[in-house]
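Heads up, the thing below is written out as structure tokens.
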Protein chains: 2
Amino acid sequence: MTDIDTNSIPERKRGSGVKMVYDLLRDEILDLVLPPGSPIDEVQLAERFKMSRTPIREALVRLAGEGLIETLPNRSTMVSNIDFLNLNTFFDALVLMYRVTTRLAARNYRPEDLAIIRGFHEDYAAAVQTRDALRMISTNAAFHAAIADAGRNPYFTSLFRRLLDEGRRILRLYYRSYDEHFPQRFVDEHAEILAAIEARDIEAADRLGKAHAEQIVAQVQKLFSRDVGIDIAL
Amino acid sequence: MTDIDTNSIPERKRGSGVKMVYDLLRDEILDLVLPPGSPIDEVQLAERFKMSRTPIREALVRLAGEGLIETLPNRSTMVSNIDFLNLNTFFDALVLMYRVTTRLAARNYRPEDLAIIRGFHEDYAAAVQTRDALRMISTNAAFHAAIADAGRNPYFTSLFRRLLDEGRRILRLYYRSYDEHFPQRFVDEHAEILAAIEARDIEAADRLGKAHAEQIVAQVQKLFSRDVGIDIAL
DNA sequence: TGTATTTTATTTGTCGACAAGAAAAACACA
DNA sequence: TGTGTTTTTCTTGTCGACAAATAAAATACA
């Protein structure tokens, strides 16, 4: 009874390994700690997490299902590339989903949703003030994901989450070294969107969501056209 | 050299097992051979396909990623339920994706896409004529998926495919025993949509896609309201 | 030196076995 | 007979090992 855990740290609960590996790899991919093209080695991960290859493999299958990694049969597996040549399809989908989710949130939100959204809004504002780029990116995504959740359409939400994930990678690419003016303007726009939702003004929410999305797209395109060589670098 | 495969059938190629199990289970789920709530037993599947549990498990993880099955930790795993209480969120997403994909197809299709779309169109027409309900359902989905492919936006396409999958299950529920009038009207509408796409008439494609989607939604809702007890049955 | 072929090495895909967790069954006790 | 506890059973999650497939290295040959 007394000598539980005599000499071992490895006490890890049963189903937790997969989720741990999945979450960590996902974050590392989205924050570009693992840039596109990075090789993913199963045995290396197994050693790093001190577990068998089986749970590692399951986490990788999930990541592959979301398109975050790519698997060549019988050969290597690596972090998915960012498709710069088809960025417009990404922007098209992003703008539409911004509109739809904001619109639905204005129609369907419940009181308890507002607190959550407002929380991320404040996190984002704080990140802008302290010029913490990584935090700006992730809290911005969390803010909009929370809005989508309030809209209560899981089909839209899941696509939107995937787009926000990809957006995190793209933004991270630009806000890496130069701490760009991730402008105060975005904070204000977030506040406007939040107000429109709270007022259940569906049309205004739609309009503001669209404008906000196009703002972001325009800025990314501006940054992108500035250094065109970046697609070669990856 | 001569005695390859002396006595064995089990010659199965290396990476093929997972895909085989995945494809088959997916079809059985979408055709309601495995109705919602059916238990999925790993060892049973392993025996059935004469392979280890490992590849079975990988196929199940993929299916779970697409929401087709649900896994209770440390306990059973079963075919996902159809959420009848939130059918409207499904219809919302479906109508929007019909519109978007048809619109994009009109804008972005290439000549070779038309042949593919037309092929499924004819398959569908043939299925309607022979009153083959199962075939109607699957070729209808294939027709619209082909249109989405021609639109060349993988984000929209992947969501739309998921919606069409779920649609297959819902339609299968109604066109099961009674060979309903899956009307000729749908064939005509398909032809109109195809013509609008070919003419690159984006607005017409959008309008026809929307009308077609709402037709289908209306019919499903009519069938659904007719037998309201069906949600209890599942 | 350059090319084709064989050998080695590395990584993935699959297997059988075992242990943990939860449900079901058996049991004890009133 | 009814309720709480223990035992059993069944399924999943994890492991270590092996075999297939491919890439890389080494070798043979011109």
Side-chain angles (χ1 to χ4, degrees), chain A residues 1 3-25 29 34 37-65 67-80, chain B residues 1 3-25 29 34 36-80:
Chain A
M1 260 323 197
D3 57 349
I4 289 176
D5 194 3
T6 47
N7 64 343
S8 53
I9 311 147
E11 295 289 337
R12 201 181 46 245
K13 242 165 273 174
R14 199 167 149 84
S16 68
V18 178
K19 182 170 164 46
M20 162 169 295
V21 175
Y22 169 83
D23 286 339
L24 196 111
L25 276 183
I29 292 171
L34 294 175
S38 301
I40 308 273
D41 186 358
E42 294 179 4
V43 291
Q44 190 175 315
L45 287 170
E47 289 169 8
R48 176 173 165 197
F49 289 99
K50 300 210 164 64
M51 57 176 73
S52 157
R53 273 177 53 223
T54 309
I56 304 282
R57 227 142 184 291
E58 181 172 331
L60 294 185
V61 169
R62 283 210 227 162
L63 289 169
L68 291 179
I69 64 176
E70 277 169 13
T71 303
L72 305 225
N74 279 320
R75 263 186 276 150
S76 65
T77 142
M78 60 183 213
V79 177
S80 296
Chain B
M1 262 325 195
D3 57 349
I4 289 177
D5 195 3
T6 46
N7 63 344
S8 53
I9 310 146
E11 295 288 336
R12 198 181 49 243
K13 240 166 277 173
R14 198 169 149 84
S16 68
V18 179
K19 183 172 163 44
M20 161 170 296
V21 175
Y22 169 84
D23 285 339
L24 196 111
L25 276 183
I29 291 171
L34 293 175
S38 302
I40 307 273
D41 186 359
E42 293 178 5
V43 291
Q44 189 175 314
L45 287 171
E47 289 170 7
R48 176 174 166 197
F49 289 98
K50 299 209 163 63
M51 57 176 73
S52 156
R53 275 176 52 222
T54 310
I56 304 283
R57 226 143 185 291
E58 183 173 330
L60 294 185
V61 170
R62 283 210 228 162
L63 289 169
E66 298 174 33
L68 291 179
I69 65 176
E70 278 169 13
T71 303
L72 307 225
N74 278 321
R75 266 186 276 149
S76 65
T77 143
M78 58 182 217
V79 177
S80 296

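As the structure is a computational prediction, the values presented were derived from the model and not from experiment. In what follows, chains carry the letters A, B, and so on, assigned in the order in which the sequence lines appear, proteins first and then strands, with residues in each chain numbered from 1.
Atom-to-atom, CE of B:Met78 to C1' of D:dC10 comes out at 18 Å; the value is rounded to the nearest Å. Taking atom CD1 on B:Ile40 and atom P on D:dT12, their separation rounds to 10 Å, with Å as the unit. Here D:dC10 presents its P atom at 14 Å from CD of B:Gln44, a figure rounded to the nearest Å. The distance from atom CZ of B:Phe49 to atom P of C:dG13 is 19 Å, rounded to the nearest whole Å. At whole-Å resolution of the value, NZ in A:Lys19 and P in D:dT14 are 14 Å apart. Atom-to-atom, CG of A:Asn74 to C1' of C:dT12 comes out at 6 Å; the value is rounded to the nearest Å. In this structure, B:Arg53 atom CZ and C:dG16 atom C1' are separated by 10 Å, rounded to whole Å. One interatomic measurement links the two molecules: CD1 of B:Ile56 to C1' of C:dG16, which rounds to 15 Å at whole-angstrom precision.
The CD1 atom of B:Ile69 lies 10.5 Å from the CG atom of B:Leu34; values are rounded to the nearest 0.5 Å.
Here B:Glu58 lies out of heavy-atom contact (under 4.0 Å) with every strand. Contacts of B:Thr77 with the nucleic acid, taken as non-hydrogen atoms under 4.0 Å apart, involve only primed sugar atoms and P, OP1 or OP2. A:Arg75 comes within 4.0 angstrom of sugar-phosphate atoms only, judged by non-hydrogen atoms across all strands, and of no base. Note on A:Leu60: nothing from the nucleic acid sits closer than 4.0 angstrom, heavy atoms only.
The closest donor-acceptor contact from the side chain of A:Ser38 to the backbone of A:Val79 lies at 3.5 Å or more, if one exists at all.
Nearest heavy atoms, A:Ile40 versus A:Met78: CG1-CA, 4.0 Å. Across all their heavy atoms, B:Gly17 and B:Met51 have their closest contact at CA-CE, 3.8 Å.
Residue A:Arg57 places no side-chain atom within donor-acceptor reach of the base of C:dT12, judged by atom type and a 3.5 Å distance cut-off alone. One cannot find a donor-acceptor pair under 3.5 Å joining the base of C:dT14 and the side-chain atoms of B:Arg14.
When the nearest nucleotides of DNA chain C are assigned to A:Val43 and B:Met51 by heavy-atom distance, the more 5′-ward of the two goes with A:Val43. Nucleotides of DNA chain D nearest to A:Thr54 and A:Pro73 differ in position, and the one nearer the 5' end is that of A:Thr54.
Comparing D:dC15, C:dT14, D:dT11 by their closest approach to the side chain of A:Pro55 singles out D:dC15. The side chain of B:Asp41 has D:dT11 as its nearest neighbour among D:dT14, D:dT11, D:dC18. Side chain of A:Glu42, nearest nucleotide from C:dT14, C:dA17, C:dG13: C:dG13.
The neighbour count for A:Met20 CE, taken as heavy atoms of other residues, nucleotides or ligands under 6.0 Å away, does not exceed 12.
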